[in-house]
K.L.:
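Dumping the structure here so I can ask a few things about it.
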Amino acid sequence: MLTSFKTERIERIIEWLFFAVLVVFFAIKILETDDYSWDVVAYHLPFTALKFGILDLSQYSMSPHLSEAYLGFPDLIYYIKGALWFVTGDASSMNLVNIFTIFTFCFFCFFVLNIRFFWSLVSLLSIPILHVAIAGGMVDFATNVFLAICTISLLLLTTIEKGNRRLLYWFYISAFLAAGVKAQAIPFVGLMLCFFFIYGLLQAVSKKEKYDFGFWFIFIIVSLIIMYKPLTNLFIYGNPLYPVKISIFGFDLPGIFVPIWPDPQYLANFPQPVRWILSVLEYDAFSMRPIPYTVDQGDVPANAHSFRMGGYNCFLVLFSLVILALVASKTKSMVVYRIIAAIIFLGAIISFLPGSNELRYYSFWMIFTVISTLYACEIASAAENSDGLIIVRKLYKASLIICLIYFMMITGGRYQYAPSVNYEGFGLDRIVSKVEMTDGYCIYGDESRFAVLVAMEMNLVRKEKVKIYQRQSKEACQIPNLLEK
């Protein structure tokens with residue numbers, strides 16, 4: 001008994017030690033990494049700078065089509081990142097929001113699922129497409145972690161934790177954060193809110209669960225707050241997902257971005273679900289790829305079979321599903337059955353969405369799959385007290401460690417794009433495609449994505465009053481964006 005206690009205590013100490021090392025490692029990695037991937041410098045960085053007032057409209061002018069995104073995209077994440085940038089004075093510190101996201105996920109798993117911090121973190125890091133995103137400036141990591149928390153909370157609220165107010169708070173907060181980070185999360189958050197609303201009504205009608213007027217009043221108010229951005233877009237533009245052009249039941253809603261992803265080219269004529277399944281299974285996902293996993297799997301020629309494909313680790317996907325099926329067959333647990341049903345249902349929805357084969361967009365499905373499998377192993381081994389289920393649990397935990405080590409070895413520790421430019425001294429003298437304007441310079445073409453770096457260098461570092469325009473073409477330099485009209 002005493003030996004068992006000491007062994008468990010040593011295990012806990014080792015787990016905390018490794019957890020601390022990993023978190024510190026990623027925090028240092030974040031502060032040392034200048035992420036120059038296209039999405040980051042083209043709009044995440046300028047959106048943050050303008051939203052929080054680090055740059056103003058007299059210093060930077062984004063392209064007209066991106067100004068539409070600036071007005072329509074969820075903006076909570078940019079205020080959070082802007083606050084980190086403002087407090088530290090370092091643009092790289094914006095990405096510390098990913099460390100906050102990790103801690104939020106670990107606290108949720110510990111207090112709700114009774115999964116210790118170390119295993120929660122390992123569950124995230126074992127998924128390559130998430131691992132590579134932590135040190136970078138993309139917002140996919142945060143939005144998908146919060147979506148996963150929201151999904152798990154909803155599952156438990158409608159199964160074994162009915163009426164649990166603490167869990168309901170997790171559901172509300174994670175839904176609010178997910179919807180405030182990325183547009184792709186909004187339909188799923190809306191779907192989950194509607195599902196819970198319908199579930200609550202059915203429970204009330206059947207008198208299985210009592211929800212009073214106060215509960216429904218708070219639910220409606222909170223739902224309106226959560227969905228503030230899509231509701232605002234619907235009122236102003238007639239499209240909750242503006243500026244993304246969408247069609248609902250034959251009605252075309254206005255927008256300038258058409259959600260068409262034909263990648264990879266050799267699968268362009270295949271149904272989207274086929275592309276998603278092949279991407280999840282990582283079919284031919286590594287051809288012509290210098291680094292096995294990157295944040296968007298786009299570091300190969302556009303005609304490569306691996307373009308925008310893979311990122312979940314095929315072994316981890318299949319092994320998780322096998323373990324879930326094994327636990328379900330041994331325990332006949334309704335919770336495990338519902339976990340499997342949720343995985344299939346969500347996978348079916350995601351598979352039809354444009355661009356779903358680029359797995360970073362909806363990676364909450366994989367987070368949900370992995371952490372739910374671990375949770376199923378934990379509750380099954382505890383409830384059944386079976387040596388066989390205990391072995392299954394240990395085997396699955398070992399597989400997560402193996403997947404993490406495999407990822408670190410196969411990538412050589414390169415968790416982010418190698419910087420293609422050096423931010424230091426990134427002034428106008430380094431730009432070729434530029435045109436002089438009356439109050440500054442217009443940067444156009446391929447180099448336009450670096451316009452915000454020039455604006456930061458000229459105005460924040462050199463303290464020169466120069467307005468930098470970002471435009472797609474030389475001819476567009478004279479066209480004002482929506483913010484300037």
Side-chain angles (χ1 to χ4, degrees), residues 44 47 51 68-81 97 101 104 108 139-158 165 167-202 204 211 213-249 251-257 259 342 345-346 349-350 352-354 361-365 367-368:
H44 289 315
F47 283 13
K51 291 282 185 184
E68 303 265 6
Y70 179 84
L71 295 172
F73 279 180
D75 50 11
L76 175 64
I77 187 68
Y78 299 120
Y79 288 109
I80 296 173
K81 286 191 169 194
V97 71
T101 302
T104 303
F108 171 79
V139 299
D140 303 275
F141 178 80
T143 192
N144 281 288
V145 169
F146 294 135
L147 261 182
I149 293 174
C150 189
T151 307
I152 298 166
S153 300
L154 179 61
L155 177 71
L156 295 178
L157 282 169
T158 55
R165 294 303 171 100
L167 189 56
L168 188 61
Y169 298 149
W170 277 108
F171 177 63
Y172 286 153
I173 294 171
S174 59
F176 174 72
L177 292 172
V181 174
K182 197 172 178 69
Q184 276 96 335
I186 291 173
F188 286 98
V189 171
L191 179 65
M192 291 182 202
L193 289 171
C194 289
F195 181 89
F196 186 67
F197 178 75
I198 294 171
Y199 168 82
L201 286 180
L202 292 176
Y211 293 100
F213 173 79
F215 170 85
W216 288 116
F217 178 76
I218 294 174
F219 175 82
I220 292 172
I221 295 299
V222 171
S223 297
L224 291 174
I225 294 173
I226 291 171
M227 301 298 284
Y228 81 96
K229 194 62 179 181
L231 291 174
T232 301
N233 286 344
L234 182 63
F235 178 76
I236 297 175
Y237 306 109
N239 179 356
L241 296 180
Y242 187 86
V244 179
K245 187 175 183 178
I246 59 175
S247 180
I248 302 178
F249 302 117
F251 293 96
D252 292 327
L253 303 185
I256 63 168
F257 297 127
F345 177 70
L346 288 172
I349 294 176
I350 291 169
F352 281 93
L353 297 177
Y361 290 133
Y362 307 107
S363 55
F364 78 97
W365 179 85
I367 302 173
F368 177 77

K.L.:
Could you check whether any side-chain heavy atom of V222 comes within less than 4.5 Å of a side-chain heavy atom of F171, counting everything from C-beta outward?
P.N.:
no
K.L.:
Are side-chain heavy atoms of K182 and I77 found at a separation under 4.5 Å?
P.N.:
no
K.L.:
So I349 and L191, side-chain contact (heavy atoms from CB on, under 4.5 Å) or not? Walk me through it.
P.N.:
CA-CA 11 Å; I349 294 176; L191 179 65; 3.9 Å; yes
K.L.:
Considering non-hydrogen atoms only, spot the tightest contact between T143 and A185 and give its length.
P.N.:
OG1-CB, 3.4 Å
K.L.:
Heavy atoms, side chains only, cut-off 4.5 Å: are F73 and V139 in contact?
P.N.:
no
K.L.:
So which atom in A142 and which in V181 form the shortest heavy-atom distance, rounded to 0.1 Å?
P.N.:
CB-CG1, 4.5 Å
K.L.:
Indicate the atoms forming the closest heavy-atom contact of A179 with I186, along with that distance.
P.N.:
O-CG1, 4.0 Å
K.L.:
Taking only residues two or more places apart in sequence, or in another chain, which ones meet S174 in a side-chain hydrogen bond (donor to acceptor under 3.5 Å, both in side chains)?
P.N.:
none
K.L.:
Which residue pairs satisfy the side chain to side chain donor-acceptor pair (under 3.5 Å) criterion with at least one member in residues 69-79, sequence neighbours excluded?
P.N.:
H44-Y78, K51-D75, D75-Y228
K.L.:
Side chains of L154 and Y199, heavy atoms from C-beta outward: is any pair under 4.5 Å?
P.N.:
no
K.L.:
Please state whether the rings of F219 and W216 are parallel, tilted or perpendicular, taking 30° and 60° as the class boundaries.
P.N.:
perpendicular
K.L.:
Heavy atoms, side chains only, cut-off 4.5 Å: are L155 and T151 in contact?
P.N.:
no
K.L.:
Any idea which heavy atoms bring A69 and P243 closest together, and the distance?
P.N.:
CA-CG, 3.7 Å
K.L.:
Heavy-atom distance under 4.5 Å between the side chains of L346 and Y362, does that happen here?
P.N.:
no
K.L.:
For residues 229-247, which residue pairs qualify under side chain to side chain donor-acceptor pair (under 3.5 Å), counting only residues two or more places apart or in two chains?
P.N.:
E68-Y242, S247-D252
K.L.:
Distance from I149 atom CD1 to T101 atom OG1, nearest 0.5 Å?
P.N.:
8.5 Å
K.L.:
Rounded to the nearest 0.5 Å, what separates atom CD1 in I152 from atom CG in L147?
P.N.:
11.0 Å
K.L.:
So how far is it from Q184 CD to S363 OG, rounded to the nearest 0.5 Å?
P.N.:
10.5 Å
K.L.:
How long is the straight-line distance from SG of C150 back to CG of L193, given to the nearest 0.5 Å?
P.N.:
6.5 Å
K.L.:
Mind checking ring-ring contact (aromatic ring centres under 6.0 Å, His included) for Y361 and listing every partner two or more places apart, or none if nothing turns up?
P.N.:
W261
K.L.:
Closest approach of A183 and P187, non-hydrogen atoms and distance?
P.N.:
O-CD, 3.4 Å
K.L.:
CG of L224 to CG of L231: how many Å apart, nearest 0.5 Å?
P.N.:
6.5 Å
K.L.:
Test of understanding: with ring-ring contact (aromatic ring centres under 6.0 Å, His included), list the residues that count as partners of F146, not counting sequence neighbours.
P.N.:
none
K.L.:
How would you list, by chain and number, every residue that makes a ring-ring contact (aromatic ring centres under 6.0 Å, His included) with F108, sequence neighbours excluded?
P.N.:
W170
K.L.:
Side chains of P259 and L353, heavy atoms from C-beta outward: is any pair under 4.5 Å?
P.N.:
no
K.L.:
Could you tell me whether the side chain of I225 reaches within less than 4.5 Å of the side chain of Y172, counting heavy atoms only?
P.N.:
no
K.L.:
If I take atom CG from residue L234 and atom CG from residue L241, how far apart are they, to the nearest 0.5 angstrom?
P.N.:
10.0 Å
